[in-house]
Amino acid sequence: MPELPEVETVVRGLRASLPGRTILDVRLGRTDFIDDPVALGEQLPGSRILGVTRLGKFIAIDLVPGGTASHTSERLFLIIHLGMTGQLMTRLASDPVPPHTHVFFGLDDGRELRYTDVRRFGRILLVPESKIGMFRERLGAEPLEITLKEFCARFSSRGARVKALLLDQGILRGVGNIYADESLFRARIHPARIARKLTQTQLARLHQSVRTILTTAIRLRGSSVSDYVDSDGNRGEFQLRHRVYQREGKPCVRCREKIRRVIVAGRSSHFCPRCQPAPRVRKVQRRVNKS
DNA sequence: AGCTCTTCCTGAAAGC
DNA sequence: TGCTTTCAGGAAGAGC
């Protein structure tokens with residue numbers, strides 16, 4: 001599923017071929033995941049693409065309005081979240097259309113930017129430049145930019161499980177289930193540990209592990225475990241390097257113990273019980289029946 | 001306030 | 001074999 005490395009790979013692909021193009025038209029299929037579908041058709045045709053950037057797991061396409069709205073409108077950001085099964089690809093308008101393709105942006109070079117999403121957990125919205133600051137403020141820090149000091153500040157005061165905090169987009173933006181589990185394994189921290197009980201050494205290890213895992217995953221163009229493909233339709237390769245994610249019952253690469261899966265923060269969490277020791281639980285007094 | 005659980009959706013895979 | 005059930009997950013919203 002698309003997390004930071006996958007979204008970064010898509011963004012790099014789009015950045016290579018979209019800037020300078022003009023959106024000619026917008027065609028919509030199902031729209032229940034689009035904040036304001038009417039606005040897409042009204043505001044996008046005629047607009048020119050300036051650039052493509054990533055904000056956490058969001059793709060931001062920077063546009064200059066050029067259509068009927070150009071005399072009033074400021075710059076605009078087309079924001080796309082891929083959810084779980086979303087795919088954003090450029091194709092020739094004449095290419096066959098895969099099922100569950102719900103949005104088509106016709107371009108001035110004979111191609112289309114297409115959004116396909118089986119489960120429609122994704123999201124599409126338009127944000128005017130004047131409000132992009134507000135949008136950005138609700139997101140946490142970029143995991144590849146945050147300093148150790150700031151990282152510790154965001155974790156060491158919290159009573160939630162470390163896994164829940166890694167997934168919280170208001171703390172770090174871009175980490176999802178795969179990279180949370182892989183980072184925790186690398187840092188040798190159990191996903192159910194309470195964040196404020198982690199030592200400085202453990203937090204430092206986690207900070208560095210998140211960076212290492214994400215950087216490596218970007219280099220391998222993301223993890224393709226189900227539907228993920230990049231903007232050219234190619235799969236990633238980081239799934240071949242997964243140490244715990246979806247490896248339940250298989251031997252730990254470090255100690256051979258069987259990888260386990262438990263639910264933490266409502267999410268499947270994969271870990272090695274030997275390398276990532278469980279948090280100490282106050283033993284419940286067990287009353288022994290004496291008679 | 002802070003944290004966890006539930007809900008949305010579909011198709012693949014497991015279960016019977 | 002074929003039908004039914006379960007499971008996956010991002011993030012909003014409900015619940016505790």
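Values below: every heavy atom of this structure, side chains too, minus hydrogens, waters and symmetry copies. Chain A is the first sequence line, chain B the second, and so forth, proteins listed ahead of strands; every chain is numbered from 1.
Rounded to a whole Å, the CG atom of L55(A) is 13 Å from the P atom of dA11(C). Atom CZ of R261(A) and atom P of dA14(B) are 12 Å apart (whole Å). Spacing between atom CG of D168(A) and atom P of dG10(C) amounts to 13 Å, rounded to whole angstrom units. dT6(B) atom P lies 11 Å from atom CD1 of I263(A), rounded to whole Å. We find that CD of Q246(A) is positioned 7 Å from P of dG9(C), with the value rounded to whole Å. With rounding to whole Å, Y115(A) atom OH is found 12 Å from dC9(B) atom C1'. Between the CG atom of D117(A) and the P atom of dA8(C) there is a distance of 19 Å, given to the nearest Å. Rounded to an integer number of Å, the gap from R120(A) CZ to dT7(B) P is 19 Å.
In this structure, CZ in R158(A) is found 13.0 Å from CG in L198(A), a value given to the nearest 0.5 Å.
Donor-acceptor pairing under 3.5 Å is lacking for the side chains of Q43(A) and S47(A).
In terms of phosphate contacts, R158(A) brings a side-chain nitrogen or oxygen within less than 4.0 Å of OP1 or OP2 of dC3(B). Using a 4.0 Å cut-off, some side-chain N or O of S268(A) falls inside it from OP1 or OP2 of dG9(C). Distances shown here put a side-chain N or O of Y245(A) below 4.0 Å from the OP1 or OP2 atom of dG9(C). OP1 or OP2 of dA11(C) has at least one side-chain nitrogen or oxygen of H81(A) nearer than 4.0 Å. Proximity of H100(A) to the phosphate of dC9(B): no side-chain N or O atom is located under 4.0 Å from OP1 or OP2. Between R173(A) and dA11(C) there is no side-chain N or O to OP1 or OP2 distance below 4.0 Å.
Salt bridge status for R186(A) with E182(A): absent, with no side-chain N to carboxylate O gap under 4.0 Å.
For the pairing with F271(A), the side chain to side chain contact (heavy atoms under 4.5 Å, CB included) check across R261(A), H190(A), E248(A) returns one residue only, H190(A).
Looking at R267(A), its side chain comes within 3.5 Å of the base of dG10(C) through a donor and an acceptor atom. The base of dA8(C) sits with one of its N or O atoms less than 3.5 Å from a complementary donor or acceptor on the side chain of R119(A).
Using a 4.0 Å heavy-atom cutoff across all strands shown, G159(A) reaches sugar-phosphate atoms only and no base atom.
Between F121(A) and dA11(C), no base-stacking contact is recorded for ring centres under 5.5 Å apart and planes less than 30° from parallel.
Annotation: cation-pi pair R254(A)/F185(A) present, NZ/CZ under 6.0 Å from the ring centroid and within 45° of its normal.
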